[in-house]
Amino acid sequence: MISSTLFGLASLASAALAAANCTGINAISPKCASKEALHHRDFFYVGGHYVAGAAGNLTYDQLYVEKLTPARGVNQSRPVVLFHGGGTSGVTWLNTPDNRKGFASHLLDYGYQVYIVDQTSVGRGSAENLNDYVMRIGSTAEISEKGFTAPEITNAYPQSQQHTQWPGSGLKGDPIFDAFESTFIPLTSNLTVQELSMRSSGCQLLSLIGPSFLVSHSIGALHPLLLSNDCPSLVAGNINLEPGNIPFQSYVGNATSSVGRTSARPWGMTNTHVTYDPPIANSSELAYKLVGDDTPANRSCYMQTGTIHKLTEVAKVKYVALTGSASPHITYEHCVIDFLQQAGVNAEWIKLADKGIVGNGHFGYLELNSPQIAGVVHEWIQSSC
Ligand SMILES: *[C@@H]1O[C@H](CO)[C@@H](O)[C@H](O)[C@H]1NC(C)=O
Ligand SMILES: *[C@@H]1O[C@H](CO)[C@@H](O)[C@H](O)[C@H]1NC(C)=O
Ligand SMILES: *[C@@H]1O[C@H](CO)[C@@H](O)[C@H](O)[C@H]1NC(C)=O
Ligand SMILES: *[C@@H]1O[C@H](CO)[C@@H](O)[C@H](O)[C@H]1NC(C)=O
Ligand SMILES: *[C@@H]1O[C@H](CO)[C@@H](O)[C@H](O)[C@H]1NC(C)=O
Ligand SMILES: *[C@@H]1O[C@H](CO)[C@@H](O)[C@H](O)[C@H]1NC(C)=O
Ligand SMILES: *[C@@H]1O[C@H](CO)[C@@H](O)[C@H](O)[C@H]1NC(C)=O
């Protein structure tokens, strides 16, 4: 009896002495320390409205918001609000798939009050209204490998060969990739209803917290653009990590060629109306045409033609896009910048390579040099305060 207890204690002690394996999901073990910044966390649901149903009244369209406060206090004048991209949720800003400090933590370290949202209908966002919020699958492992974590293997565009910053092989079966891929969850295919609820709840959020810097990833860039249109005085700056709302067209996974493009976003960079001058009542009044040579390294773009309509409200907010040197976006992000500039928006483009930050794919904020990318965001905010 005594000896078996002693044996049990001895094996516990030796397990504790052995270095814990904290790769991928293994980091959930009590033996693995958190790398996140010390902070306090509160949550809120913002906006939404009651809809009467047979069983009673349900709340529709409310926005899930987490409020992260640095433990040693906030010392930046403006909050930062983080908007995730398609198929994932607000968790994407927390600890990385290889268990390094997440992007939100870097911002907490700089002293910002940080807010993280889950898009309406996604994650902890509301999806009561399933009639309108038709859900679809998130990113498959194959789309993630080719488009995000290992584009160098399919080599759909020459810059993919410079991709070096993804932790691990970036392929199915690698524990870091598997942890990343597990963050993909269903998303809505009806961006109209989602945009309408995000712009209503989003401006309510900003009216509660005051003018803020909005940081988005990929197709999450739809929402800060719409909030810039609807409540520009509440948007201190609009920071887009690889914006996915390419004017009038979408690219899927590795499909950067004309074959892989589909028409999208009839209002230019959004699915729902934004203010143009001269005003338009219907997006069909926007005339646009494809310009520029189309090569795998540099894609052609849609630009307005004829009467150029200006995005007068969006133009009230400073805009910046950050792009990784090895991401598919490096081949078409100029389309976003050129379109916005033509529409009168002071849009700035930071190619991360110009700052000496190289080797990033589409999820740079999760990659090995993510602290440097957070540094660029911080620097831009400081220069815009
Ligand atoms: C750590 O765990 C991962 C995932 O289970 C495994 O692939 C890897 O080989 C392990 N590493 C060591 C050093 O045991
Ligand atoms: C839903 O709320 C409305 C307005 O407050 C109320 O009139 C109605 O009875 C409620 N529906 C149910 C089923 O309780
Ligand atoms: C806020 O605190 C952080 C962490 O100590 C520091 O890096 C930053 O410079 C401070 N910023 C201001 C505006 O005081
Ligand atoms: C892109 O992915 C598709 C489907 O997985 C594949 O068939 C195709 O060869 C890939 N294209 C390039 C250019 O790598
Ligand atoms: C998408 O949402 C809009 C706005 O709620 C709704 O009018 C429309 O019917 C929905 N479309 C689909 C295909 O569900
Ligand atoms: C917008 O214009 C198109 C093409 O003329 C037309 O089919 C559509 O019904 C119009 N939409 C609205 C809301 O008026
Ligand atoms: C890419 O194409 C655009 C036009 O779509 C052009 O303005 C730009 O100079 C090109 N960039 C490079 C690096 O060739």
Side-chain angles (χ1 to χ4, degrees), residues 34-41 65-85 90-96 98 100-117 165 167 205-206 209-218 220-221 223-225 227-228 234-243 317-325 327 329 333 336-337 346-385:
S34 173
K35 305 288 182 1
E36 295 287 74
L38 218 51
H39 66 275
H40 303 286
R41 181 173 69 156
V65 186
E66 266 179 23
K67 175 190 183 192
L68 306 186
T69 309
R72 64 181 167 206
V74 172
N75 70 352
Q76 303 287 345
S77 53
R78 301 284 193 221
V80 173
V81 188
L82 301 174
F83 294 81
H84 65 84
V91 301
T92 197
W93 307 109
L94 304 178
N95 48 299
T96 65
D98 60 333
R100 283 170 300 111
K101 191 174 268 195
F103 209 75
S105 273
H106 292 300
L107 297 170
L108 291 168
D109 282 343
Y110 285 122
Y112 295 99
Q113 179 77 71
V114 175
Y115 294 89
I116 300 179
V117 308
Q165 294 290 337
L205 169 65
L206 298 180
I209 67 177
S212 301
F213 288 94
L214 312 186
V215 176
S216 66
H217 176 239
S218 199
H223 310 302
L225 197 92
L227 303 187
S228 300
L234 296 173
V235 185
N238 185 348
I239 302 158
N240 303 269
L241 310 177
E242 308 232 328
V317 178
K318 280 189 72 177
Y319 181 103
V320 66
L322 274 60
T323 310
S325 66
S327 167
H329 280 242
E333 214 93 284
V336 167
I337 304 299
N346 171 22
E348 193 186 331
W349 188 17
I350 298 181
K351 287 178 257 185
L352 290 173
D354 293 344
K355 301 250 176 206
I357 300 172
V358 294
N360 288 111
H362 185 46
F363 279 81
Y365 67 93
L366 295 178
E367 292 190 311
L368 293 169
N369 55 0
S370 55
Q372 287 174 267
I373 299 175
V376 174
V377 170
H378 174 57
E379 195 177 87
W380 192 86
I381 291 176
Q382 295 304 302
S383 71
S384 308
C385 278

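Only heavy atoms go into these numbers, but all of them, side chains included; no hydrogens, no water, no symmetry mates.
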Original post:
Can you list the residues that meet the ring pair (Phe, Tyr, Trp, His ring centres under 6.0 Å) rule with His84, with sequence neighbours excluded?
Top reply: none

Subject >> Pair Asp98-Leu368, side-chain contact (heavy atoms from CB on, under 4.5 Å): steps then yes or no >> reply: CA-CA 9 Å; Asp98 60 333; Leu368 293 169; 4.0 Å; yes

Original post:
Tell me, do Ser218 and Phe363 make a side-chain contact under 4.5 Å, heavy atoms counted?
Top reply: no

Original post:
Below 4.5 Å, heavy atoms only, C-beta onward: do Tyr115 and Ser212 meet side chain to side chain?
Top reply: no

**OP:** Heavy atoms only: give me the nearest Pro167-Arg100 pair and the separation to one decimal.
**Re:** CG-NH2, 4.2 Å

Subject >> Ser105 (side chain) donor-acceptor with Glu36 (main chain) under 3.5 angstrom >> reply: no

Original post:
Hey, what do you get for CG (Leu352) to CD (Gln372), rounding to the nearest 0.5 Å?
Top reply: 9.0 Å

**OP:** Please confirm whether the backbone N or O of Gly359 pairs with a side-chain atom of Ser325, one donor and one acceptor, at under 3.5 Å?
**Re:** yes

Subject >> Beyond-backbone contact of Leu82 with His217, side-chain heavy atoms, under 4.5 angstrom >> reply: no

**OP:** Check step by step if side-chain contact (heavy atoms from CB on, under 4.5 Å) holds for Ile239 and Ile381.
**Re:** CA-CA 9 Å; Ile239 302 158; Ile381 291 176; 3.6 Å; yes

Subject >> Side-chain touch Phe213/Val377, heavy atoms, less than 4.5 angstrom >> reply: no

Original post:
Looking only at heavy atoms, which two atoms of Gly364 and Asn369 are closest? And how far apart?
Top reply: O-OD1, 4.4 Å

Original post:
Can Asp109 and Lys101 be said to form a side-chain contact (heavy atoms from CB on, under 4.5 Å), step by step?
Top reply: CA-CA 10 Å; Asp109 282 343; Lys101 191 174 268 195; 2.6 Å; yes

Subject >> Spatial distance of atom OG (Ser383) from atom NE2 (His378) [nearest 0.5 Å] >> reply: 10.5 Å

**OP:** Would you confirm whether Ser370, through its side chain, and Leu366, through its main-chain N or O, come within 3.5 Å as a donor-acceptor pair?
**Re:** no

Original post:
Between the side chain of Gln113 and the main-chain N/O of Lys67, is any donor-acceptor distance below 3.5 Å?
Top reply: no

**OP:** Could you list the residues that satisfy ring pair (Phe, Tyr, Trp, His ring centres under 6.0 Å) with His106, not counting sequence neighbours?
**Re:** none

Original post:
What pairs with Lys355 under side-chain hydrogen bond (donor to acceptor under 3.5 Å, both in side chains), at least two apart in sequence or on another chain?
Top reply: Glu379

Original post:
Listed by chain and number, what are the side-chain hydrogen bond (donor to acceptor under 3.5 Å, both in side chains) partners of Arg72, not counting sequence neighbours?
Top reply: none

Original post:
Tyr112 vs Tyr110 aromatic rings, parallel, tilted or perpendicular, using cut-offs 30° and 60°?
Top reply: perpendicular

Subject >> Backbone of Gly102 reached by a side-chain donor or acceptor of Asn95 within 3.5 Å >> reply: no

Original post:
Who passes side-chain hydrogen bond (donor to acceptor under 3.5 Å, both in side chains) against Thr323, sequence neighbours left out?
Top reply: Glu333, Trp349

Original post:
Looking only at heavy atoms, which two atoms of Ser384 and Lys318 are closest? And how far apart?
Top reply: OG-NZ, 3.2 Å

Original post:
Looking at OG1 of Thr96 and CZ of Phe103, how far apart are the two atoms once the value is rounded to the nearest 0.5 Å?
Top reply: 12.5 Å

Original post:
Side chains of Tyr319 and Val336: does their closest heavy-atom pair fall under 4.5 Å?
Top reply: yes

Subject >> Which atom of Ala321 lies closest to which atom of Ile337, heavy atoms considered >> reply: CB-CD1, 3.9 Å

**OP:** Sequence neighbours left out, what passes side-chain hydrogen bond (donor to acceptor under 3.5 Å, both in side chains) with Ser34? Give chain and number order.
**Re:** none

Subject >> Atom pair CD (Gln165) and CD1 (Ile373), whose distance is rounded to the nearest 0.5 Å >> reply: 7.5 Å

Subject >> Check: Leu68 and Leu107 side chains under 4.5 Å, non-hydrogen atoms >> reply: no

Original post:
In Å and rounded to the nearest 0.5 Å, what is the CD1 to CG distance from Ile350 to Leu241?
Top reply: 10.5 Å

**OP:** Rounded to the nearest 0.5 Å, what's the gap from NZ on Lys351 to NE2 on His329? Could you check?
**Re:** 15.5 Å

**OP:** State, yes or no, whether a side-chain contact exists between Asn238 and Leu227 at a heavy-atom distance under 4.5 Å.
**Re:** no

Subject >> Shortest non-hydrogen contact between Gly111 and Pro70, atoms and distance >> reply: C-CG, 4.2 Å

Original post:
Taking C-beta and beyond as the side chain, do Val81 and Val65 meet within less than 4.5 Å on heavy atoms?
Top reply: no

**OP:** Please name the pair of heavy atoms, one in Arg41 and one in Glu66, separated by the smallest distance, quoted to 0.1 Å.
**Re:** NH1-OE2, 3.6 Å

